[in-house]
Amino acid sequence: LAFSLKDAKEPHLYLIIAPPAELRSKNIELIRMLDAEGYVVIVITTNQLCSVLTKNYESGGIRLEQIWFVDAVTRYAMGRDPPPVKNCRFVSSPGNLTDLGIAVTETLKELSGQKVCLLFDSVNAMLIYISSKNITRFLHFVTNKLRLLNVAGIFLAVEKGLDPDLMVQLITLVDEVIDTDKEIRKPG
Amino acid sequence: MEAGAVETDAEPEKMATLAFLTILCVLLEILMHYTLGVSIGYTHFFYVVLVLAAIWYGKKAVIVAACLAVTHIAVAYFVFSEALWVPVLRAVMFVIVTLLVGALSEEQKASARLLEESNERYIGYIKEAAMRLRTPVEVVGGNLLALKQDVEEKKIPYESIAVELSLQAKHMDQIRVNLIDLNMTIVDGFGEISPASRQFLTE
C-alpha cells in the first residue's frame, strides 16, 4: 500500500478502496504500517471476528498491545456475551449504531493523549444491517469526532459494491481517497 | 417547486413567440376591426395565442387575455362610438377560455411533477435495495472463501470456526429480511398480485 500517514501534517481521514478479495490483506497491511509508525489503532470491525483478526495480526508480526477493538460481530454471532478480551469492546450487533457510537467514543476517550488512528472495516459489511443513509450519518458522526479530537482515520470499502451516490457522500467525509486497485490518490 | 405551481424559468423562445403573436393580434385588431370594420372571424386567431400562453404559463396567461380583451373592447368602442355587448362577450370568453386551459395545464404539470418525483423515489429505493442485496452477498461469499482458506491453512482456532459460520448464517438471514422488505415494497406497488404470490413474496 503506497501511502503513509507520515505524509500528512495533520491527522488525515482516508477512504481506502480495495478489491473484495484484498480487503482482508489490506487490513493487515494497514495495521502493520500504522504499528510501524507508532500509532495505537482502534479497529472497528463489522465483518470479521476480533479473535480471527487477532490471530491474523499475530501471524503478521503485529504488536497486539497497540491494537484496540470495537467488535460489532462476535457477540451478535454467538448470541450471548463473549468472554472479556483485553482492549476489546463488544457491541450487540452491527446494526446497533448507538452502542457502536458509544463504544467508539469510550475507546477514544480512554486513548486520549496518544497517537491514535481509527480503522473502520468495512463500509460494505455495514450495508447488510443499515441503510446507506444511516451509514452516511454514522460515518459523519465518527469523522466529526475524529476531527475534533485530532485523530487519524481510515475507512475501508469495496468500490464495486457501493452505489455511486453513497460513494460521493463517503468521499465528502474524508480528506483523501486511495484506490489500491488503480493506484489512484485523490482529495476527498 | 411546489406542486401545482407553474414553471417560472425565463424561457426566451416562448416569451418571444407570445410577444410576436400578441402584437400580430393587435395588428389584426387594428387592420380588420378598426380599418376594415370587420368584427368577426379574425378573433378566432386570438385563441391560438391564448391557448399557447395558458399551456405554457398556466393561469398567469390571463394577463395576455386581459390585454387582448381590453384592446378588442376599446377598438369596438372607437369603431361604433358606443359600448356593445358582443365585443364584451367575446372579451369575456377570451378570459374564461384562458383561465380554463391554464387551470388544466397547471393540473397536468403538477401531475407530471408528482409522477416524476414518485419515479425518482422508486428508482432510489430500487438502487438502495440492489446495493443492500448485492454487496452483502459478495461480503458473505468473500468471508466464506476466507474461512475456507483459514481452515485449510489451520490459521483459525477451532472454536472460532463455529462462531464465524454462525456469523455468516446471521448475515444470510439478514439478507433474507432485506429481500422480504424489497418484495413488500414491490407488492404494495402492484395491487394485482394474487394473495398466494403476495404471501410467497413477503413471508
Side-chain angles (χ1 to χ4, degrees), chain A residues 18-25 27-28 45-60 71-80 82-83 90 93-95 121-136 156-167, chain B residues 116-117 119-186:
Chain A
E22 287 177 22
L23 208 57
R24 201 168 144 176
S25 61
N27 177 317
I28 299 170
T45 173
T46 59
N47 188 37
Q48 299 184 68
L49 304 173
C50 158
S51 58
V52 175
L53 283 174
T54 307
K55 272 275 174 210
N56 290 340
Y57 295 160
E58 265 179 342
S59 58
D71 180 340
V73 283
T74 301
R75 197 165 133 194
Y76 177 68
M78 292 173 79
R80 58 186 157 81
F90 294 105
S93 107
D121 181 9
S122 66
V123 176
N124 299 63
M126 294 282 277
L127 277 169
I128 302 175
Y129 299 92
I130 310 157
S131 67
S132 57
K133 199 172 165 186
N134 284 339
I135 288 179
T136 313
L156 275 174
V158 178
E159 186 180 26
K160 281 176 187 160
L162 299 180
D163 175 64
D165 294 342
L166 174 61
M167 208 62 201
Chain B
E116 198 178 320
E117 282 168 14
N119 279 345
E120 273 171 20
R121 275 202 303 274
Y122 191 68
I123 288 167
Y125 183 82
I126 295 290
K127 268 167 65 186
E128 172 80 8
M131 179 170 63
R132 290 195 63 196
L133 291 174
R134 181 186 142 182
T135 308
V137 168
E138 283 171 354
V139 167
V140 172
N143 288 345
L144 289 172
L145 281 176
L147 179 63
K148 175 181 165 272
Q149 195 183 342
D150 284 349
V151 170
E152 281 172 353
E153 292 172 8
K154 295 185 177 151
K155 273 165 63 182
I156 184 166
Y158 180 76
E159 59 279 8
S160 293
I161 297 173
V163 183
E164 185 75 49
L165 285 172
S166 167
L167 175 63
Q168 301 317 315
K170 289 207 170 186
H171 280 345
M172 291 307 289
D173 196 47
Q174 183 62 42
I175 293 168
R176 188 184 62 83
V177 171
N178 294 346
L179 186 59
I180 289 174
D181 188 37
L182 170 66
N183 286 343
M184 281 175 89
T185 307
I186 292 169

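Quick caveat: nothing in here was measured; it's all calculated off a predicted structure. Letters A, B, ... mirror the listed sequences (proteins, then strands); counts begin at 1.
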Check your understanding: So Y129(A) and Y76(A), would you call those rings parallel, tilted or perpendicular, with 30° and 60° as cut-offs?
Key -> perpendicular
Check your understanding: Considering only heavy atoms, which portion of S122(A) lies under 4.5 Å from any heavy atom of chain B: side chain, backbone, both, or neither?
Key -> neither
Revision key, fill the gap. Pair count under 4.5 Å, heavy atoms only, with chain B: among R24(A), M78(A), K133(A), highest is R24(A)
**Study point:** Which portion of L23(A) sits near chain B, non-hydrogen atoms under 4.5 angstrom
**Key:** neither
Review point. Atom CG in L182(B), atom CD1 in I126(B): separation rounded to 0.5 Å?
Key: 5.5 Å
Exercise for review: Would you mind checking if D165(A) and K127(B) are paired as a salt bridge, meaning a charged N to carboxylate O distance below 4.0 Å?
Suggested key: yes
Study note, to complete from the structure: Assert top hit (heavy-atom pairs under 4.5 Å, partner chain A, pool L147(B), V137(B), D150(B)) equals D150(B)
Review point. Do NZ/NE/NH1/NH2 and the carboxylate oxygens of R176(B) and D173(B) come within less than 4.0 Å?
Key: yes
Check your understanding: Which region of E164(B), side chain (C-beta onward) or backbone (N, CA, C, O), has a non-hydrogen atom less than 4.5 Å from a non-hydrogen atom of chain A, or is it both or neither?
Key -> both
Check your understanding: Do I128(A) and I175(B) come close enough that some side-chain heavy atom pair is under 4.5 Å?
Key -> yes
Check your understanding: In terms of heavy-atom pairs under 4.5 Å with chain B, which of S59(A), S51(A), A125(A), S131(A) leads?
Key -> S131(A)
**Study point:** Nearest-0.5 Å distance that lies between atom CZ in R132(B) and atom CG in D163(A)
**Key:** 12.5 Å
Study note, to complete from the structure: One option among I130(A), L166(A), L162(A) has the most heavy-atom pairs under 4.5 Å with chain B, and it is I130(A)
Point to revise | Most contacts with chain A, counted as non-hydrogen pairs under 4.5 angstrom, among I156(B), N178(B), L133(B), V140(B) | key: N178(B)
